[in-house]
Number of protein chains: 6
Amino acid sequence: LTTFANLPHVHCLAAEVTEMETYDIAILGAPFDTGVTARPGARFGPGGIRRGSRRISPESAWDIYTGENSFLDWAKIVDCGDAPLTFLDNTIALKQLDKAHKVISARKANSSEFSIPRIVTLGGDHTTTLSALRSAYKRWGQVSVIHFDSHIDTWDPKVLGGGISHYAGVNHGTFLHIAHEEGLIRNTSIHAGIRAPVIRRKGDVRNDIRCGFETIKARDIDRIGTYGVIDTLKKRVAGSKVYISVDIDVLDPAFAPATGTSEVGGWTTRELLTILDGLSGMEVIGADVVEVAPIYDNPGETTVLAAAEVVHSLLTLLVQRPVKM
Amino acid sequence: LTTFANLPHVHCLAAEVTEMETYDIAILGAPFDTGVTARPGARFGPGGIRRGSRRISPESAWDIYTGENSFLDWAKIVDCGDAPLTFLDNTIALKQLDKAHKVISARKANSSEFSIPRIVTLGGDHTTTLSALRSAYKRWGQVSVIHFDSHIDTWDPKVLGGGISHYAGVNHGTFLHIAHEEGLIRNTSIHAGIRAPVIRRKGDVRNDIRCGFETIKARDIDRIGTYGVIDTLKKRVAGSKVYISVDIDVLDPAFAPATGTSEVGGWTTRELLTILDGLSGMEVIGADVVEVAPIYDNPGETTVLAAAEVVHSLLTLLVQRPVKM
Amino acid sequence: LTTFANLPHVHCLAAEVTEMETYDIAILGAPFDTGVTARPGARFGPGGIRRGSRRISPESAWDIYTGENSFLDWAKIVDCGDAPLTFLDNTIALKQLDKAHKVISARKANSSEFSIPRIVTLGGDHTTTLSALRSAYKRWGQVSVIHFDSHIDTWDPKVLGGGISHYAGVNHGTFLHIAHEEGLIRNTSIHAGIRAPVIRRKGDVRNDIRCGFETIKARDIDRIGTYGVIDTLKKRVAGSKVYISVDIDVLDPAFAPATGTSEVGGWTTRELLTILDGLSGMEVIGADVVEVAPIYDNPGETTVLAAAEVVHSLLTLLVQRPVKM
Amino acid sequence: LTTFANLPHVHCLAAEVTEMETYDIAILGAPFDTGVTARPGARFGPGGIRRGSRRISPESAWDIYTGENSFLDWAKIVDCGDAPLTFLDNTIALKQLDKAHKVISARKANSSEFSIPRIVTLGGDHTTTLSALRSAYKRWGQVSVIHFDSHIDTWDPKVLGGGISHYAGVNHGTFLHIAHEEGLIRNTSIHAGIRAPVIRRKGDVRNDIRCGFETIKARDIDRIGTYGVIDTLKKRVAGSKVYISVDIDVLDPAFAPATGTSEVGGWTTRELLTILDGLSGMEVIGADVVEVAPIYDNPGETTVLAAAEVVHSLLTLLVQRPVKM
Amino acid sequence: LTTFANLPHVHCLAAEVTEMETYDIAILGAPFDTGVTARPGARFGPGGIRRGSRRISPESAWDIYTGENSFLDWAKIVDCGDAPLTFLDNTIALKQLDKAHKVISARKANSSEFSIPRIVTLGGDHTTTLSALRSAYKRWGQVSVIHFDSHIDTWDPKVLGGGISHYAGVNHGTFLHIAHEEGLIRNTSIHAGIRAPVIRRKGDVRNDIRCGFETIKARDIDRIGTYGVIDTLKKRVAGSKVYISVDIDVLDPAFAPATGTSEVGGWTTRELLTILDGLSGMEVIGADVVEVAPIYDNPGETTVLAAAEVVHSLLTLLVQRPVKM
Amino acid sequence: LTTFANLPHVHCLAAEVTEMETYDIAILGAPFDTGVTARPGARFGPGGIRRGSRRISPESAWDIYTGENSFLDWAKIVDCGDAPLTFLDNTIALKQLDKAHKVISARKANSSEFSIPRIVTLGGDHTTTLSALRSAYKRWGQVSVIHFDSHIDTWDPKVLGGGISHYAGVNHGTFLHIAHEEGLIRNTSIHAGIRAPVIRRKGDVRNDIRCGFETIKARDIDRIGTYGVIDTLKKRVAGSKVYISVDIDVLDPAFAPATGTSEVGGWTTRELLTILDGLSGMEVIGADVVEVAPIYDNPGETTVLAAAEVVHSLLTLLVQRPVKM
Ligand SMILES: [Mn+2]
Ligand SMILES: [Mn+2]
Ligand SMILES: [Mn+2]
Ligand SMILES: [Mn+2]
Ligand SMILES: [Mn+2]
Ligand SMILES: [Mn+2]
Ligand SMILES: [Mn+2]
Ligand SMILES: [Mn+2]
Ligand SMILES: [Mn+2]
Ligand SMILES: [Mn+2]
Ligand SMILES: [Mn+2]
Ligand SMILES: [Mn+2]
């Protein structure tokens, strides 16, 4: 049965725990897409990313660039399957996801030294990151967010979707605003790959800064290169714990067509992976890849192959730098 | 710009009305799909059905079977475009749709004789039929429902999706239960094409009867033929006004792959159209085609072509039998 | 290289002829689609049908129903490749096709007994049948046409496309009218599978009769069965030579999505093949399969597989009844 | 993680067995497709069928036709995942599959009464049935085979693929011949849905009879109906234990495009499911669905939805008639 | 109903004009593709580009790079829908398009200051640019053309398609030659992104220069960068009014697969948009995006998303520099 | 009928040879894919590449970058069609392919000066290169290999697929190891574009060097540019005859989705073609493009268009530098 990278499956949400079932890093699917404003379908993202990782084999995954194999290192990495989320009520679904994060991160780690398991979430739409940040906050305190996306996602709920109701205000374009309002994140966060337009002439950007974000735009890479991007990211979050969220729409639609809110003019997979690998050494306490909507993928599975490698790179960052509490 | 069957577009929801903009039958898109339990995508159904109707030309649509052209008959048929519905809050979206139905059906009809415009809705998921039934009830009183579907859609909200919250209980599998509870429909309704399993051994069927429904199963057609189906439907609703709702998943996935909750073993398009044409003479006061999710369609547009012809047949039923209030 | 059913390729249009290159039945591609009114793409039909026939192997094609292998019978069947047709001027393209038919049918037959090679054309849009009928007329005189199609294709050029110019009047919906006007066909022709609407209330049907056609509608098969269809066809053309033209849109879009002018409510492939096989014994002097537009096909190649088998059935009819001049 | 119909996953091939992990009916994937002669891809069949069964929920699968829920009956049904098979050596892969069958069927059954677990295999190409028949023979002795297929699959290895080597002779078109030669099956077997041509004029059919098979051709259903098919099947295998093998290409490509060796003119899903349900009461000791190659499927997942329902019907047959040793 | 970027629809071709229906910039669809030499389908380009622009919302389109919102600036931008063009006679279709351009550009502008509305055409194959250039010439005199394309499109009609007839000589590869012959364009024009081979060793390039063109080849960008391209373009057309024509095949097929005459080795969407935005300040008097053939698009709509953004960038250029007559 | 680039078809494997049928460069299809470890489908690669080359016309293929037309130069280039290979036994299939290479390269060349015809193979999976290298060795002695691929393909059969049997050890990931073991290649070979992980921490790389290979990794291009890649390749093979093998998976899946073992983070088509054209002047004695599996391609045929141009570039290298024996 298809787990991420053929990793062992563990019933992380089960009440009883056996010794065999401890882990250091947990992969968790978050099948949820009713917080989107454009094309739905990310509810099938976790399954899609797992299919895209089918050929990754933990025993034979020695990276050609780093010489490392993250799966055979100190950390035990497992796939927890999907959190059980309803498609029919966002409020409840997010509570279900909050709870899943809580239970999974509460288990004793496999490695005695580093006591809290970290989670890599497979989205699901970007709203699911809110649960991850709430969970991270409880375990690690405020974190900096490195946010790869073509959209800023700090929109004021009154501006994006909201106004009409509180319920509508919690969505994939406002979750970072809410995270800021809830005090979950530091004012040393940063976007990377932004290119979508904003809704208000000045208000959105002002609000974005207020939420704690700096911005690297998509075309900035043509000026500063991947190494410039890496440096900027490193400097911005220096000295703090980091959560990395990768909205797959940071990639150009040629590289990741299977997403709900595609924006052309984005980065290539080679650029994104180079940047991620360049973040080596950061204290990453959680990460996710979101907005993968497989029904829009090419027959050759272009997007889910890319998403799987992004997850792979994120896992490597987590392994390269264990984080103590 | 693509209207259904190249019909004229009228701003039916506008405050001011000009004489030019009256109509007898209004086509209304209902882009909504956050009430689904399986594959989303019906939010793009209205656009898809219109694309599928691209080649229908009102001036040259003389039917080879009936010898009639419904577009050149007594009724003025127009396309009102889509109701403006949020994707981010079902409760509000349904209120928006209720209001659209109310406004559109409140206009003075074009034909002086038959004073209330009738509406054919392009779904959207099946939850949208609830708004149509509420609107129908206000104009015409209780109606019988002829419900073409592979699913019964009378599930108790506590059984399907509900239990967890009232919000979750209003969905594409419970709307007929709710319509019954709200007193909108008669106990002379009938399902046609049912084949999906039920959730409770006996409870669902008992509840279904309580909601006023008889059932023609999909395989019944092999025994009684299309004419047997037509007779059964006619007898069931005899003497009452009728609302016809066609969930496109009544067709086999070979004929209508582009839907969210596909059930194999269904009817062919030829069977369905023969049955619909056989209902000629009924007092149909409203109708819809729902659950068309174009992203799942074949490159040849199999589903939307079928859906467009189903709409065409429904329009013909409305034209063949004008209904006085 | 892909020939129809892995048959030998012969340079039928070459000036010089070697003994090796004689044949009794020639397959000819007609890559042409600028006579269509809806979705283009039939210019790639010949290649598509050949791909659909890839698995047919002449040495091992013993039919399970008839016990015969048409490829190992008396007739030498070859694939002539495609006629060289321009996409940029219909008038010239049709002349090029007229000439190809003339040259190919003028060769000495391989079998000494039956002196004129017969041609099965792979369309191309239905306009290409006009060339085939002109060619047939020159060799065999007036013929009856059995026309499988969802459309009548006898539209008066003034009604369909024309009026604006003579050039526009020669198209895939008027070619049978033109064939009648040119005196190429008998008044004992017949349509089968018709279901598309007509443009004029009565004029089109009157004109159709004037062009020599009777009509079997698509839904008639539910009443008279495949054997009723076969009987009607046989009676209509009894005693005359026959040209069979199969517009692939006679099939329902579930069975043949890859065509330009899809009409739902059509026949299944099983029904069509049963009917074709039932025509055994007719004096078929030419045939074609047209309107296959592969870009609209399913990934599983549904349409081209069906089209290839239709060609196979037509070849069998030609082999079963050799025709003397 | 995606198991068939959300059934529990059991490590059936593990050396150690816990009480929790007994079962009465085991679902086993056989990812293998290097025995095919046309389009490959069935190696991904097991995953595809599981995806097609995603919406089947054991607790709420009360069948509308039978009133039963096979998942809540006496039998414990589990998904064993896939047998580990190499893609690089057919001889070894079949040995690996033989062993998987042996281990899985050797476990103590969950129900004390019926002591041998039965297996439903998800193919994989049809060669995989050979392993299933070997396994069945060891547990149950010679069985009758009901073989739904468009191809006879009893070809002599010398005729199909072989001649060139023994290795090449073991393939998806010869496995029934080999099963006969190995003495695994009774001379009371039967094909259903045959329509593909044979390779030799008379030899193949003679050999087929020698292998113990009678034949129902695809078009026979138009004459005898689904009930005629059911009767013929029942009579043929009366009094013997039965293995049912469903090559998904028995369905028409409109209903099951995602297969390697498509043959047009086949059965509809409604016909096939009616027939399968009509076999209720037989002593079925094993079954499979093979030749599902998901890459050729429609975006709407037409084929895998059909295949999943076929598996569901097969499970129902196994539950309806427990078989004692 | 789907207009470009949800802009208001105006009946620009109607005889009577109301005050409400004036505009400064008009978007016009040109559904035409019978002038192509390879894959057809651009007749559905206008609808495809509009679908690709679905998520652009005029009120909330503040560009992240420029800080501007072209839709909320001085200019009233509207969508005129499609010109009514026949698919059956190129000569007449081009006359119909000529007339549409004439009528649309003849209306009084909305802004009192800049009196002539400018048009952005959504193709349609590249032949449609000929009408636009004729229209531009009448209003603005001779213009320089900036021609983004992988093909030069200045072929002599005798060389490409012609020779056989005058009709065939007017096509998507010769229209720039014809525009030059008709005296519509200046000898200060320039191609950008060229990479397709030429037909004659030297003749085509010589003729191209004679037609007034300089050339930036696709791979030149690797040497001079996007800024080098921008400079070269600016210098070439300095001091003259400019028409910008974007053949979507200037993009690599990875970024724009949905086109008829794909050439690999092209530009990325990021490169193209950077270049277009760099042309800010030019006196652009008309523009188009052509050769979008949606049937060849990926499920994720890669091409039409890119094409919509290209149109958006072109609109911005028109808004940034109003042009007086 | 579809030959590569509309080149003449020659029966290169026929026993008798006519003068007309000599050639200098032969294109040969190798339909084989049972040596793959991931997604199959490359058996249809030769047909796919030919379809991708459909628009290349030898008489009008004057390259815009080089000013040359390789088809009108000294060399006669022909398409030999496909080698007849079984899908059912790899050992025999490779022998069949060995023989095809032997026969084709044994014919007298068309050009009197350069006596041995050279072959460009259209794969087929990468195992087919083994036959080409064996053939090359017999004609030209040991050669350097320039190997474009995301995978090293020098795996020890014991490590990849093997261990279980000798048969399994001959596959698309071990053929270069075997070629080295058989003494076919020089220790001056080089990989380009590598990015897939290795199976053993150090063993695979050590073995790779032992097999004679240096490595340019995919991301190296960001540091050294296309010209750096060209220089490195030229230096490595300086002074020796060269065989160039292009595994299409060297391209990023955005540019070549239609392959079996996709690896993200690869090169663009523009980069690859620039590099290939930069190898001008080498003594290339054979070449291939492999691992094209068309079923995974985009509707726009992205991959086969790229593969066809790669073949075109390889042909140009062969023409630019005739090689004497
Ligand atoms: Mn985003
Ligand atoms: Mn986001
Ligand atoms: Mn339903
Ligand atoms: Mn429903
Ligand atoms: Mn037709
Ligand atoms: Mn026709
Ligand atoms: Mn079969
Ligand atoms: Mn079989
Ligand atoms: Mn172009
Ligand atoms: Mn162009
Ligand atoms: Mn590779
Ligand atoms: Mn390789």
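In what follows, chains carry the letters A, B, and so on, assigned in the order in which the sequence lines appear, proteins first and then strands, with residues in each chain numbered from 1.
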A:K138 NZ: over 12 foreign heavy atoms closer than 6.0 Å: yes
Chain B contact via A:T34 - which portion, at a heavy-atom distance below 4.5 Å: both
Segment of A:A38 engaging chain B (4.5 angstrom heavy-atom cut-off): backbone
Interatomic spacing from CG in A:D89 to NE2 in B:H166 - rounded to 0.5 Å: 11.0 Å
Distance in Å, A:T86 OG1 paired with B:N171 CG, rounded so as to fall on 0.5 Å steps: 8.5 Å
Closest heavy-atom pair and its distance - A:Y167, B:L88: CD2-O, 3.1 Å
Top contributor to chain B interface from A:G161, A:A168, A:G169 [non-hydrogen pairs under 4.5 Å]: A:A168
Chain B contact via A:V36 - which portion, at a heavy-atom distance below 4.5 Å: both
Point-to-point distance, once rounded to the nearest 0.5 Å, from OG1 of A:T37 to CZ of B:F87: 8.5 Å
Contact class of A:I92 relative to chain B, heavy atoms under 4.5 angstrom: side chain
Non-hydrogen atoms of B:P40 and A:G41 that approach each other most closely: CG-N, 3.9 Å
